[in-house]
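Whatever order the structure lists them in is the order used to number ligands and atoms, beginning at 1.
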Amino acid sequence: MEFVQNRPDKGQINLLDLDRSSMEAFFAEMGEKRFRAGQMVKWIHQQGAAHFDEMTNLSKELRARLQQCSGIRVPKIVYEQKSKDGTRKWLLEMNCGNRVETVYIPERERATLCISSQVGCALECSFCSTGQQGFNRNLSVAEIIGQLRIASAVFDTQRPISNVVMMGMGEPLLNFNNVVSAMSLMMDDFAYGLSKRRVTLSTSGVVPALYRLREVTDVALAVSLHASNDELRDKLVPINKKYPIKELLKACKHYFAETNQRKITFEYVMLDGINDSPAQANALCKLLSDIPSKINLIPFNPFPNTDYRCSKLPVIERFQKILMNAGYVTTVRKTRGDDIDAACGQLVGKVADRSRRSPGVAAAEV
Ligand code: SAH
Ligand code: SF4
């Protein structure tokens with residue numbers, strides 16, 4: 001990696017973009033010892049340092065050299081909203097005007113941060129507001145981990161963040177390298193030190209990337225299934241046309257077998273009259289019978305110009321009962337922060353230029 005010399009843009013490197021191994025390569029290139037990387041990661045992520053002057057265990061000379069070739073650039077908070085139920089939402093901006101949302105959800109036992117991985121999403125799931133607005137760009141490592149850094153600073157002492165879910169805007173597996181680096185910082189004891197069970201990646205099923213993911217990490221996995229047959233899933237989650245249910249579940253089994261995970265979570269959005277019948281619940285039980293699964297039913301969160309409606313509560317309960325009777329741990333996700341549009345699928349992040357919808361990008365990357 002060429003961090004200091006020969007950088008194509010000759011610009012300053014943002015140290016918030018580097019996970020520990022990249023930081024080691026960076027210091028090696030500067031002719032410095034490896035342990036400097038750990039010191040720097042601690043300064044940036046645990047002490048919240050934004051200036052080299054604060055880093056008193058680095059010599060003045062080293063600080064001056066760092067100043068020349070690098071910086072610590074953190075996303076800016078554009079605005080913050082607080083819900084009556086304690087949920088908070090931040091709108092963050094990095095440098096080119098595209099904005100992204102992060103949601104903090106306090107619960108009795110834990111506090112979860114819902115992190116975005118892209119500005120928009122190219123996968124166009126028909127029930128998702130993010131998908132309906134198109135894709136603009138991938139977030140950098142700094143923008144992804146910056147969401148946790150900002151929220152951690154706010155909740156330093158009162159309710160530290162105990163869990164991170166990659167369930168904000170975007171498909172994390174289509175921003176693979178940046179997401180993997182950011183997740184490694186989340187789990188790094190020199191940074192946020194979260195256990196791998198407390199970092200969850202949610203995907204709509206980018207099958208080849210799921211196999212790759214298993215090679216580099218073993219975080220908890222949530223898979224957005226939403227239907228038990230291909231005909232319906234093709235309509236709800238169009239990437240299913242490329243990677244149908246059978247292939248997706250094979251990849252899930254592989255991920256599970258290799259990681260000693262307790263269970264894979266399957267997410268299932270409850271859409272009135274579309275996927276919520278008892279027959280569909282039974283089909284789901286059958287489909288998942290040979291995968292250790294937990295099922296999370298998500299009441300559909302409406303957004304403007306959608307024809308979908310959320311299933312009625314008794315229908316959701318009936319669906320849940322069928323799954324539970326078949327032995328599946330099944331939860332119904334509580335809708336949080338609905339007074340500030342912070343619920344699943346409602347994050348829109350005020351994408352600067354919606355006309356840049358570019359499904360071609362997805363096709364090229366998938
Ligand atoms: N792209 C990834 C992660 C972001 S979406 C994925 O699809 O898994 C996070 C979760 O929110 C997914 O399970 C998604 O299906 C769900 N979701 C999207 N729009 C929703 C909506 N309007 N109501 C309820 N859940 C929604
Ligand atoms: Fe993208 Fe996930 Fe929304 Fe589908 S549900 S459009 S994959 S963010």
Report the nearest protein non-hydrogen atom to atom 7 (S) of ligand 2: residue, atom name, distance rounded to 0.1 Å. S204 OG, 3.5 Å

Check if P299 has a non-hydrogen atom at a distance under 4.0 Å from any atom of ligand 1. yes

Common cluster, V269/V315, ILVMFWY with side-chain heavy-atom separation under 4.5 Å: no

State whether the shortest distance between N or O atoms of F303 and N or O atoms of ligand 1 falls below 3.5 angstrom. no

Can you find a pair of side-chain heavy atoms, one from T112 and one from V103, that are under 4.5 Å apart? no

For the residue pair E24 and R36, establish whether any side-chain heavy-atom pair is separated by less than 4.5 Å. no

Distance under 4.0 Å to a non-hydrogen atom of C128: what atoms of ligand 1 satisfy this? 18 (C), 19 (N)

Tell me whether atom 1 (Fe) of ligand 2 has C121 as a neighbour, meaning an N, O or S atom of it below 2.8 Å. yes

Sub-3.5 Å donor-acceptor pair from the side chain of S22 to the main-chain atoms of D17, do we have one? no

Sub-4.0 Å atoms of ligand 1 with respect to non-hydrogen atoms of M166: 3 (C)

With heavy atoms only and a cut-off of under 4.0 Å, state how E171 meets ligand 1: side chain, backbone, both or neither. both

For I298, the atoms of ligand 1 under 4.0 Å from one of its heavy atoms are 13 (O), 24 (C), 25 (N)

Going by the atom numbers of ligand 1, which of them fall below 4.0 Å from some non-hydrogen atom of T203? 6 (C), 8 (O)

Tell me, yes or no, whether the heavy-atom count around D290 atom CG, taken from other residues, nucleotides or ligands under 6.0 Å, exceeds 12. yes

Hey, is atom 3 (Fe) of ligand 2 within less than 2.8 Å of some N/O/S atom on C128? yes

Please list, in number order, the atoms of ligand 2 under 4.0 Å from a heavy atom of G131. 6 (S)

The reported gap from CD in Q47 to OG1 in T56 (rounded to nearest 0.5 angstrom) is 9.0 Å

Would you say CD of E231 has more than 12 non-hydrogen atoms from neighbouring residues, nucleotides or ligands within 6.0 angstrom? no

Is it true that G168 lies under 4.0 Å from ligand 1, counting heavy atoms only? yes

V207 and Y243 have their tightest heavy-atom pair at CG2-CB, 3.5 Å

Under 4.0 Å from a heavy atom of V269: which atoms of ligand 1 are those, numbered in the order shown and with their elements? 24 (C), 25 (N)

Do L185 and R20 make a side-chain contact, defined as non-hydrogen atoms from C-beta onward lying under 4.5 Å apart? no

Considering only heavy atoms of G170, which atoms of ligand 1 have at least one such atom less than 4.0 Å away? 1 (N), 2 (C), 3 (C), 4 (C)

Which of the numbered atoms in ligand 1 are under 4.0 angstrom from any heavy atom belonging to N301? 21 (C), 22 (N), 23 (N), 24 (C)

Judging by distance only, is a nitrogen or oxygen of S129 under 3.5 angstrom from one on ligand 1? no

When distances are taken from atom 4 (Fe) of ligand 2, the protein heavy atom at minimum range is C125 SG, 2.3 Å

After noting the C-alpha distance and the side-chain angles of I295 and T265, does the key distance pass the side chain to side chain contact (heavy atoms under 4.5 Å, CB included) rule? CA-CA 6 Å; I295 299 163; T265 301; over 6 Å; no

Can you confirm whether more than 12 heavy atoms, excluding those of N57, are under 6.0 Å from its CG atom? yes

Quick check: do L284 and L225 have side-chain heavy atoms less than 4.5 Å from each other? yes

Contact between G170 and ligand 2, counting heavy atoms under 4.0 Å? yes

Checking the N or O distance criterion of under 3.5 Å, is ligand 1 in contact with R333? no

